[in-house]
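Residue numbers count from 1 along this sequence. Just so it is clear, the values below take in all heavy atoms, side chains as well, and ignore hydrogens, waters and symmetry mates.
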Amino acid sequence: MGPVRGSKKKRKIDVSENEESGDWWVEFSKGINGLLPPSQGLDKFELVFKISRKTFNYICSLVKEDMSAKPGHFSFSNGKPLSLNDQVAVALRRLSSGESLISVGDLFGLHHSTVSQVTWRFVESMEKRGLHHLQWPASDEEMTNIKAKFEKIRGFPNCCGAIDTTHITMCLPLADPANKVWFDREKNHSMLLQAIVDPDMRLRDIVTGWPGKLSDSVVLKSSNFFKLCEQGKRLNGKSVLLSEESEIREYIIGDSGFPLLPWLVTPYKGKGLSETQTDFNKRHFATRMVARRALARLKEMWKIIHGAMWRPDKHRLPRIILVCCLLHNIVIDLEDEVQDEISLSHCHDESYRQQTCESADLTASNMREKLSLYLSGSLP
C-alpha cells in the first residue's frame with residue numbers, strides 16, 4: 001500500500017453537535033458491562049473511547065452517509081437495533097482497546113460477529129471519507145509553518161519532516177509455509193508501517209503492507225514518496241541560505257536505518273566523531289524524536305495495531321492501519337484534549353534493534369557537513 005494523499009483542498013472541520021449525542025450516551029452507558037470508574041481526570045466516555053465527545057461527533061458525521069445508507073440488521077442482545085452512534089462506538093472501542101471481538105461484544109451486549117461486521121463497515125467508510133486528514137502539506141504557508149516549528153526544536157533549517165518505521169506484529173502459525181514471508185529479523189511475524197511526521201506528530205505520508213523482514217531502506221525505495229523526491233516533484237521548495245556561499249534545500253530527517261540522500265539527512269555513524277559531528281547527532285536525535293513519539297502515540301491510542309493480532313487478514317490489515325492513522329490525525333486536527341491525559345512513550349518497537357544502512361550519496365554527505373558546521377556556528 002503506497003502513501004495516501006488526500007484531496008488538495010483542506011476541508012473545513014465541522015464539529016457541530018451530533019443529533020443523537022444528547023441522550024445517547026446516557027442510555028448507552030447504562031448497558032455497558034464492567035465500565036471502569038472515572039480516573040486521571042477522564043469521564044466515563046473518555047475512558048471507554050480515549051477521545052472527547054466533540055471528536056466522536058465529528059467522526060460520526062464523517063461516516064454517517066455510508067453507515068446509514070445500508071442499515072445492517074444489527075441489534076443488541078435485547079433486540080434493540082444499533083444506531084449510527086452505537087455502531088461508531090463499537091468500532092472505536094474495538095480499534096482503541098485492541099480487545100478481542102468476544103470481549104468487545106461482551107462489553108456492549110453484542111454477538112462477536114456483529115462487532116466484526118460493524119467495525120469493518122466503519123473501516124471501509126473512514127478510508128474513503130477521512131483521507132483529507134492524511135496529506136502532504138498543500139500550501140507554501142503550511143510548509144513554512146512546519147519548517148519553523150522543526151527549526152525551533154534544535155535549529156534544523158528548512159526541515160520538512162521526520163521519517164520512522166514501526167512493526168505491526170501478528171500471531172500466525174509457524175506450521176503454515178505461507179506465513180514465512182511475514183517472519184522478521186526479530187523472529188516475529190509483522191507488517192511494516194513507514195511514516196513521515198510533522199512537528200505536531202501529525203502523519204503526513206505513510207507506507208504499509210510490506211513484510212516486517214524488509215529493511216527500512218528497501219521500504220523507502222519502494223514508496224511513491226521516494227519516486228516523487230527523486231523526480232524533483234516533492235521536497236522541491238525554496239532553498240535556504242546558510243551563509244553567503246552555502247544554501248540548503250528542503251529535506252526530511254531519519255535514523256541510520258535510512259540511506260543518506262540529498263533530501264534525507266541521517267546522523268553520522270561510527271566512532272571517533274568530531275565535536276561538531278557529535279553535536280549534530282544530538283540535535284538530529286532530539287529533532288527526529290517527534291516521529292518516534294508519533295508512532296508510539298499511534299500504537300498506544302489505537303491498540304489494535306499495538307499487540308500481536310491473532311491471524312489477521314493480511315489484505316485487510318493495511319486498511320485497518322490506515323484508518324488508525326487517520327484517527328490519530330483527526331485527534332490532532334481537532335485539538336482533542338483527551339490525548340493530553342494519556343502518557344506519552346518514546347518507544348514504539350521495543351524488541352527491535354536499530355538498523356544500519358551504509359548507502360550514502362556524496363552530494364548528501366557534503367550537504368550534511370555544511371549543515372553540521374552551520375548548527376555549530378562554524379560555517380564560513
Side-chain angles (χ1 to χ4, degrees), residues 2-3 5 136-138 140 142-144 146-151 153-165 194-199 204-207 214-270 273-274 276-291 354-376 378-380:
R5 295 184 299 280
W136 193 250
D140 291 340
E142 190 177 8
M143 184 59 87
T144 298
I146 287 172
K147 292 175 183 178
K149 288 183 177 181
F150 267 121
E151 187 166 8
I153 297 173
R154 291 303 295 273
F156 277 82
N158 225 25
C159 178
C160 301
I163 187 170
D164 204 352
T165 303
Q194 173 192 282
I196 300 172
V197 178
D198 73 16
R204 290 293 187 165
D205 186 286
I206 67 167
V207 177
L214 297 181
S215 68
D216 294 348
S217 176
V218 168
V219 176
L220 171 68
K221 290 179 179 178
S222 73
S223 69
N224 193 45
F225 185 87
F226 179 88
K227 295 180 179 69
L228 290 173
C229 290
E230 292 293 293
Q231 294 168 2
K233 297 177 181 178
R234 174 100 11 124
L235 297 177
N236 58 350
K238 293 180 181 179
S239 296
V240 168
L241 284 175
L242 300 181
S243 68
E244 291 183 6
E245 299 180 357
S246 297
E247 62 180 21
I248 190 160
R249 58 166 292 165
E250 288 186 340
Y251 60 92
I252 60 174
I253 61 172
D255 64 31
S256 56
F258 295 97
L260 176 62
L261 300 167
W263 47 268
L264 174 50
V265 178
T266 58
Y268 289 99
K269 294 188 286 285
L273 298 180
S274 68
T276 298
Q277 292 171 335
T278 300
D279 178 66
F280 174 89
N281 280 1
K282 289 179 180 178
R283 292 172 179 268
H284 189 279
F285 178 80
T287 305
R288 74 172 189 268
M289 279 295 290
V290 67
Q354 173 65 56
Q355 296 181 27
T356 301
C357 177
E358 299 300 334
S359 177
D361 178 272
L362 180 59
T363 300
S365 295
N366 292 333
M367 185 181 93
R368 182 175 63 184
E369 191 64 22
K370 288 180 181 178
L371 188 55
S372 176
L373 291 171
Y374 167 80
L375 290 171
S376 68
S378 52
L379 182 69

Closest non-hydrogen atom pair, [X] against [Y]:
{"X": "Cys229", "Y": "Leu235", "result": "SG-CD1, 3.7 Å"}
{"X": "Pro267", "Y": "His284", "result": "CD-CE1, 3.5 Å"}
{"X": "Leu242", "Y": "Ile248", "result": "CD2-CG2, 3.7 Å"}
{"X": "Arg249", "Y": "Tyr251", "result": "O-CD2, 3.1 Å"}
{"X": "Val290", "Y": "Phe150", "result": "CG1-CE2, 3.8 Å"}
{"X": "Ile252", "Y": "Cys160", "result": "CG2-C, 4.2 Å"}

Does the [X] side chain pair with the main chain of [Y], one donor and one acceptor, at a distance under 3.5 Å?
{"X": "Asp279", "Y": "Ser372", "value": "no"}
{"X": "Arg283", "Y": "Arg154", "value": "yes"}
{"X": "Lys269", "Y": "Cys357", "value": "yes"}
{"X": "Gln194", "Y": "Val207", "value": "no"}
{"X": "Gln277", "Y": "Tyr268", "value": "no"}

Does some side-chain heavy atom of [Y] sit less than 4.5 Å from a side-chain heavy atom of [X]?
{"X": "Phe225", "Y": "Ile196", "result": "yes"}
{"X": "Thr165", "Y": "Gln355", "result": "no"}
{"X": "Arg288", "Y": "Asp164", "result": "no"}
{"X": "Phe280", "Y": "Leu273", "result": "no"}
{"X": "Leu261", "Y": "Phe226", "result": "yes"}
{"X": "Asp361", "Y": "Leu260", "result": "no"}
{"X": "Thr276", "Y": "Glu369", "result": "no"}
{"X": "Pro199", "Y": "Ile146", "result": "yes"}

Is it true that, when you exclude Gln231 itself, more than 12 heavy atoms of the residues, nucleotides or ligands shown sit nearer than 6.0 Å to its CD? yes
Please determine whether the number of non-hydrogen atoms from other residues, nucleotides or ligands lying under 6.0 Å from atom CD of Glu244 exceeds 12. no
Practice item. Would you please test Leu373 and Ser378 for side chain to side chain contact (heavy atoms under 4.5 Å, CB included) and show each step? Key: CA-CA 5 Å; Leu373 291 171; Ser378 52; 3.5 Å; yes
Interatomic distance, [X] atom [atom1] to [Y] atom [atom2] [nearest 0.5 angstrom]:
{"X": "Glu358", "Y": "Ser256", "atom1": "CD", "atom2": "OG", "result": "8.5 Å"}
{"X": "Lys147", "Y": "Lys238", "atom1": "NZ", "atom2": "NZ", "result": "9.0 Å"}
{"X": "Glu250", "Y": "Ser239", "atom1": "CD", "atom2": "OG", "result": "8.0 Å"}
{"X": "Leu375", "Y": "Glu151", "atom1": "CG", "atom2": "CD", "result": "9.0 Å"}
{"X": "Asp198", "Y": "Asp205", "atom1": "CG", "atom2": "CG", "result": "12.0 Å"}
{"X": "Ser223", "Y": "Ile163", "atom1": "OG", "atom2": "CD1", "result": "7.0 Å"}

Determine whether Phe156 and Tyr374 satisfy the following criterion, side chain to side chain contact (heavy atoms under 4.5 Å, CB included), listing intermediate values before the conclusion. CA-CA 9 Å; Phe156 277 82; Tyr374 167 80; over 6 Å; no
Note to self: Between Ser217 and Ser215, is there a side-chain donor-acceptor contact under 3.5 Å, judged purely by atom types and distance?
What the structure shows: no
Contacts of Phe258 meeting ring-ring contact (aromatic ring centres under 6.0 Å, His included) (sequence neighbours excluded), chain-then-number -> none
